[in-house]
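Heads up, the thing below is written out as structure tokens.
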Amino acid sequence: MFPLAEKDKSIARLLFSTGTCPRCIFRFCGVDFHAPYRLPYKDLLRELENFLKTEDDDLSLEAAKPPLKKIRLQDEETQIDDQSQNGGEMIAIVKDENVIPEKPYLNACNICLGILQEFCEKKFIKKVCQKVESSGYEFTNLVFSVSFPPQLSVREHAAWLLVKQEMGKQGLSLGRDDIVQLKEAYKWISHPLFSEELGVPVDGKSLFEVSVIFAHPETDEDCHFLSTSCPDCFKPAKNKQSVFTRMAVVKALDKIKDDDFRKKFPCPPNLPKAFCSAVEIQCAHGAVFVAGRYNKYSRNLPQTPWIIDGERKLESSVEELISSQLLTVFKAESFNFSSSGREDVDVRTLGNGRPFAVELVNPRRVQFTSQDIKELQQKINISSDKIQVRDLQLVTREAIGHMKEGEEEKTKTYSALVWTDKAIQKKDIEFLDDLKDLQINQKTPLRVLHRRPLAIRVRIIHTMETHYIDEHHFRLHLKTQAGTYIKEFVHGDFGRTKPNIGSLMNGTADILELDVESVDVDWPPALDN
Amino acid sequence: MAAEAGGASAAAPSLVDRYFTRWYKADVKGKPCEDHCILQHSNRICVITLAESHPLLQNGKTIKSINYQISANCSRLQNKVSGKFKRGAQFLTELAPLCRISCSDGEEYTVSSCVRGRLMEVNENILDKPSILQEKNLKMIFTVEFFKRNICREDRFPLLH
């Protein structure tokens, strides 16, 4: 059923005569249900014409309107015959009411510039979907985002002023909210078409985004007057981008007075010389997160790649050994590795291992069963004996917060092989076992002073346990607060960590070996591996 | 780190051996035997220390006091650095005095920077207990971050032990 009523006729007629497309006319008449917009353009055109052509004098009035400019369709090559009876090509009214123009999109709508004409119809949507399918992404739903050229707001504003004035003549008022927004109408039409073509629902919360950006060559031209009326809305352009961004234009339109606007921009909006074009059709998948715990068995492996002046100092890294496999399987663009703290190159990580999380950016493959993940874990573990992973699982973005918490708040336990310069007996180290919650002050260790501020860190050594080996060696187990530098606690770092094992024993101590025995975080959840 | 059971002097390399390169500057400012040993870390931090041949480390020398006030306007104790880039550090040239040490026998010694760079920190422990300076592993006077291009290569001694 045609959604316009008698009361809408004058507005519809007015807009139609200026070169507005049927769907935009619906919007300005407040048609706020989806069905009418979804009908094919041809049908809408025909029905609108029928609706408008009621009396003969209306007909001749229409016929007498100045001819509209001819516009060549973007992808049609055939010339349009301009020898029409009305002295020009008009989609509007043809005397013979049964003639439906073969190429209905002859003129770009003066408000939507074609967005609600060809760019919301099946042919275009199909084209977008083809691109989506060829990009190779795995998805079960999608969110569709579309960006329009800024001058659409300007034209909308002009049309609104025009319609408002017309309604004023009839004693009616028209608020901005009575008009259906262009983007909304566009989505009403396009979403079902996308769902149909791709076989998945459109969901605002989806991680998979299909985005289309429209542009129009006359954007700057159409918006230019705003920069003189409201200069402070427009910041100088970065790079080569236009200063007329959508936000700036909307802001300026809010500010500019109606009279001022009408002086500078034609009301009704003039006919554009071209249609919009879709300059960018892209898809991207939001990041997915994989977490787990890793053990490190090598004393020769850095956490992150160790490269100085373009030269790699040590082969591989914990990060790469874990993430490169994930990158491949998830077919992601890049990764970000984070963990609950880290250890030095020469320190092993034993026990349950250290929690880590890998963010996979723009993955193409996202469907994994827990069996798939188990196999992926095995694959990583087979690939290297320097590291092993466990509890590998898909997690959400809050994983990163857990990492941070683990790093800054959770205790860790260590095992150190200590050397002493003085000869010692078993009884000489027993006192260390009795020290509980020993407070130490650590100045920033010299070995990291080049990249950290100089400061004093107060830390707690919660418990210690010693195992005598010989006159100059013993094993020290300790449980410490997060952020404690263990090596410096043992050798004292030139007295900059006080107290230290050496000072506690009134001598000199050094650390020969260090292992992380546990990282006391219960995240990610343990799986039966 | 090597894990060898060793004797009193570890067969395994010491802390200084592991992380630092020792550079020696002999007869600083022309004074005989006033040798300095600069411990240079690969990250450009240097620790200025007294070489074992320095008079202050010989038997019988007792340190009376250490003075960081090297001129009317400049006290090394006032050196305050802030942030990752250590803004506010005092600039040092090779000959810049770091502190003056007075001994019980009346002798006075000046410790010099020996490297061009910026002063990071001062050893304040030795103010309370000057004898620390003479203990085996805690001869540190200063920590300095040096400018990369100015390492005193030509003054290098062969490394001891």
Side-chain angles (χ1 to χ4, degrees), chain A residues 299-300 306 308-309 313 344-348 415-424 441 443-456 469-475 486-488 490-503 506-515, chain B residues 1-20 39-49 79-89 117-129 132-133 135-146 148:
Chain A
R299 292 201 186 278
N300 223 1
W306 194 347
I308 298 185
D309 296 331
K313 293 291 173 187
D344 289 341
V345 173
D346 55 356
V347 174
R348 298 186 305 177
S415 166
L417 178 60
V418 182
W419 169 86
T420 60
D421 66 336
K422 278 188 333 193
I424 53 166
N441 294 308
K443 274 193 184 163
T444 310
L446 290 177
R447 62 189 170 95
V448 298
L449 188 54
H450 62 294
R451 54 185 166 87
R452 295 266 159 82
L454 178 60
I456 301 180
I469 298 176
D470 63 37
E471 280 187 338
H472 292 280
H473 299 88
F474 68 95
R475 213 157 247 292
I486 306 300
K487 292 178 183 173
E488 276 70 19
V490 174
H491 62 59
D493 193 31
F494 291 94
R496 299 167 73 255
T497 288
K498 291 187 292 195
N500 54 73
I501 294 291
S503 71
N506 280 321
T508 305
D510 201 358
I511 182 167
L512 301 181
E513 241 176 49
L514 180 60
D515 293 328
Chain B
M1 291 190 274
E4 292 165 25
S9 71
S14 69
L15 170 67
V16 174
D17 294 331
R18 286 202 301 275
Y19 289 119
F20 297 89
L39 305 178
Q40 176 206 328
H41 195 286
S42 56
N43 67 9
R44 299 214 310 268
I45 303 287
C46 287
V47 182
I48 312 300
T49 70
N79 190 64
K80 288 269 176 297
V81 298
S82 68
K84 192 159 114 169
F85 299 101
K86 325 296 185 302
R87 271 179 287 261
R118 305 183 308 138
L119 181 62
M120 296 287 101
E121 66 179 345
V122 151
N123 187 348
E124 292 186 25
N125 296 335
I126 58 179
L127 279 179
D128 306 321
K129 198 180 167 200
I132 291 177
L133 252 188
E135 282 167 37
K136 198 158 75 146
N137 286 311
L138 298 168
K139 320 189 286 282
M140 181 193 92
I141 307 278
F142 291 94
T143 321
V144 172
E145 185 181 16
F146 66 85
K148 213 164 181 176

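Worth knowing before you read on, the calculation uses all heavy atoms, side chains too, and leaves out hydrogens, waters and symmetry mates. All chains are named by letter (A, B, ...) in the order of the sequence lines, taking the proteins before the strands, and each is independently numbered beginning at 1.
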Practice prompt. Select one option (side chain, backbone, both, neither) describing which atoms of Lys422(A) are under 4.5 Å from chain B's heavy atoms.
Written response: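 Neither; nothing under 4.5 Å.
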
Discussion item. Between Arg452(A) and chain B, with a heavy-atom cut-off of 4.5 Å, which part of the residue counts as in contact: side chain, backbone, both or neither?
Written reply: backbone

Pairwise distance [atom1]([X]) to [atom2]([Y]) - rounded to 0.5 angstrom:
X	Y	atom1	atom2	answer
Leu446(A)	Tyr19(B)	CG	OH	10.5 Å
Thr444(A)	Glu121(B)	OG1	CD	8.5 Å
His450(A)	Lys86(B)	NE2	NZ	8.5 Å

Worksheet item: So do Arg496(A) and Asn123(B) actually touch side chain to side chain, heavy atoms under 4.5 Å?
Response: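 In short, these two side chains do not touch, never coming nearer than 4.5 Å.
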
Fill in: Donor-acceptor pair, side chain of Lys84(B) and main chain of Leu454(A), under 3.5 angstrom
no

Fill in: Flag, side chain of Asn43(B) to backbone of Arg447(A), donor-acceptor distance under 3.5 Å
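Pair found, side chain donor or acceptor close to backbone of Arg447(A).
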
Worksheet entry | Worked verdict on Phe494(A) versus Asn125(B) for side-chain contact (heavy atoms from CB on, under 4.5 Å) | CA-CA 10 Å; Phe494(A) 291 94; Asn125(B) 296 335; over 6 Å; no

Worksheet item: Taking all atoms of both residues into account, what is the closest heavy-atom pair of His491(A) and Leu15(B), and its distance?
Response: NE2-CD1, 3.5 Å

